[in-house]
Trainee: 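Would you mind keeping the following structure in view while I ask a few things?
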Amino acid sequence: MSGGRRKEDPAPHSQPHPVANGGGALRGSAWGKALRSDSSWDDKDEFLDVIYWFRQIIAVILGIIWGIVPLKGFVGIAIFCLINAGVLYLYFSSFQQIDEEEYGGTWELTKEGFMTSFALFLVVWIIFYTAIHYD
């Protein structure tokens, strides 16, 4: 019975499976769209994935910089939060010019993946600071 159903419904085979070929086809198209300002995001989860991974990249870069500088304490955390939220807000509101309401509002996009990137930032910051400045 299910064999006839699969032949009638080609929808599961219309898009490549994200795991097939290591996800290369999916990643290439998502990053290509992420770096163009005229992109249309048909899949909301794909855009949220781009926001998530941009946050991780920002966290690693700022963690390395904060560890080398050596920035300490609440000032470093506050500046990270402002830069992380600000850069991503400018990205999705000005560069991509998406309708925030489709994703649950500005706040939902601003907090997407924030805690994970904050944890990654702290780990990288501590590792670099300790490796460079610890006596």
Side-chain angles (χ1 to χ4, degrees):
M1 288 184 196
S2 64
R5 212 172 181 188
R6 287 185 186 181
K7 290 179 183 177
E8 291 173 14
D9 187 16
H13 303 290
S14 63
Q15 290 183 340
H17 193 273
V19 180
N21 297 328
L26 184 62
R27 275 186 262 137
S29 65
W31 285 112
K33 288 195 311 190
L35 299 176
R36 286 193 325 255
S37 64
D38 60 345
S39 300
S40 65
W41 297 92
D42 300 326
D43 185 12
K44 291 180 182 181
D45 288 335
E46 187 177 41
F47 183 68
L48 293 175
D49 288 346
V50 168
I51 295 289
Y52 176 87
W53 287 109
F54 272 156
R55 282 199 190 278
Q56 307 318 306
I57 292 168
I58 291 170
V60 170
I61 292 170
L62 292 180
I64 292 170
I65 292 170
W66 271 222
I68 292 172
V69 166
L71 204 53
K72 296 182 193 177
F74 180 74
V75 173
I77 293 172
I79 294 172
F80 166 76
C81 292
L82 290 173
I83 290 174
N84 194 328
V87 166
L88 265 297
Y89 178 78
L90 289 175
Y91 173 75
F92 66 75
S93 67
S94 297
F95 185 72
Q96 287 293 333
Q97 297 177 354
I98 59 137
D99 182 19
E100 292 97 355
E101 295 306 318
E102 289 182 24
Y103 296 90
T106 304
W107 180 246
E108 290 299 318
L109 284 171
T110 303
K111 69 179 187 174
E112 175 69 28
F114 182 79
M115 289 309 292
T116 309
S117 70
F118 182 67
L120 179 61
F121 161 74
L122 288 177
V123 168
V124 173
W125 182 18
I126 291 167
I127 289 171
F128 272 80
Y129 184 88
T130 303
I132 296 171
H133 303 290
Y134 186 73
D135 292 334

Trainee: Let me confirm one number: the CZ-CD distance from Phe54 to Glu112, rounded to the nearest 0.5 Å.
Mentor: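 These two atoms lie 13.5 Å from each other.
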
Trainee: Quick check on the hydrophobic clustering: are Leu82 and Ile65 connected, directly or via other members, by side-chain heavy-atom contacts under 4.5 Å?
Mentor: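 Leu82 and Ile65: separate clusters.
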
Trainee: Measuring from Tyr91:OH to Ile98:CD1, what's the distance to the nearest 0.5 Å?
Mentor: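 Answer for the OH-CD1 pair, Tyr91 versus Ile98, is 9.5 Å.
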
Trainee: Nearest 0.5 Å, what's the CZ-CG distance between Phe80 and Leu71?
Mentor: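 Here the rounded value is 12.5 Å.
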
Trainee: Could you state whether Ile126 and Ile58 fall into the same hydrophobic cluster, counting links through intermediate Ile, Leu, Val, Met, Phe, Trp or Tyr residues with side-chain heavy atoms under 4.5 angstrom apart?
Mentor: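 No; tracing contacts between hydrophobic side chains, which count when under 4.5 Å, never links both residues.
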
Trainee: Is there a path of hydrophobic side-chain contacts, each under 4.5 Å between heavy atoms of I/L/V/M/F/W/Y residues, joining Leu120 to Ile68?
Mentor: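 Yes, Ile68 and Leu120 fall within the same hydrophobic cluster.
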
Trainee: Is there a continuous path of hydrophobic side-chain contacts, each under 4.5 Å between heavy atoms, that joins Val87 to Trp66?
Mentor: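 Hydrophobic grouping puts Val87 with Trp66.
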
Trainee: Give a yes or no on whether the ring-centroid distance for Tyr89 and Phe92 is below 6.0 angstrom.
Mentor: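 Here the rings of Phe92 and Tyr89 have centres that are less than 6.0 Å from each other.
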
Trainee: Please give me the minimum heavy-atom distance between Gln96 and Lys33, naming the atom from each residue.
Mentor: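 Looking at all heavy atoms of both residues, the closest pair is NE2-O, 3.5 Å.
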
Trainee: Phe114 vs Phe118 aromatic rings, parallel, tilted or perpendicular, using cut-offs 30° and 60°?
Mentor: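 The arrangement is parallel - the two ring planes meet at less than 30°.
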
Trainee: Could you report the tightest heavy-atom contact between Lys111 and Arg55, atom names first, then the distance?
Mentor: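 Shortest heavy-atom contact: N-NH2, 4.1 Å.
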
Trainee: So which atom in Lys44 and which in Glu102 form the shortest heavy-atom distance, rounded to 0.1 Å?
Mentor: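 In this case the closest contact between Lys44 and Glu102 is NZ-O, 2.9 Å.
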
Trainee: Between His133 and Val69, is there a donor-acceptor pair closer than 3.5 Å when you use the side chain of the first and the backbone of the second?
Mentor: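 No, His133 side chain to Val69 backbone: no donor-acceptor pair under 3.5 Å.
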
Trainee: List the steps and the verdict of ring-ring contact (aromatic ring centres under 6.0 Å, His included) for Trp125 and Phe121.
Mentor: CA-CA 6 Å; Trp125 182 18; Phe121 161 74; 5.1 Å; yes

Trainee: Tell me the closest heavy-atom pair linking Gly113 and Gln56, and the distance in Å.
Mentor: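 The answer is O-NE2, 3.6 Å.
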
Trainee: If you compare all heavy atoms of Ser117 against all heavy atoms of Asn84, which two are closest, and at what distance to 0.1 Å?
Mentor: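 Taking every non-hydrogen atom into account, OG-ND2, 3.1 Å.
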
Trainee: Following the transitive rule for hydrophobic clusters with a side-chain heavy-atom cut-off under 4.5 Å over Ile, Leu, Val, Met, Phe, Trp and Tyr, establish whether Ile64 and Ile132 coincide in one cluster.
Mentor: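 In one cluster with Ile64: Ile132, yes.
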
Trainee: Between Leu109 and Ile51, what is the shortest heavy-atom contact and its length?
Mentor: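 Taking every non-hydrogen atom into account, O-CG2, 4.0 Å.
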
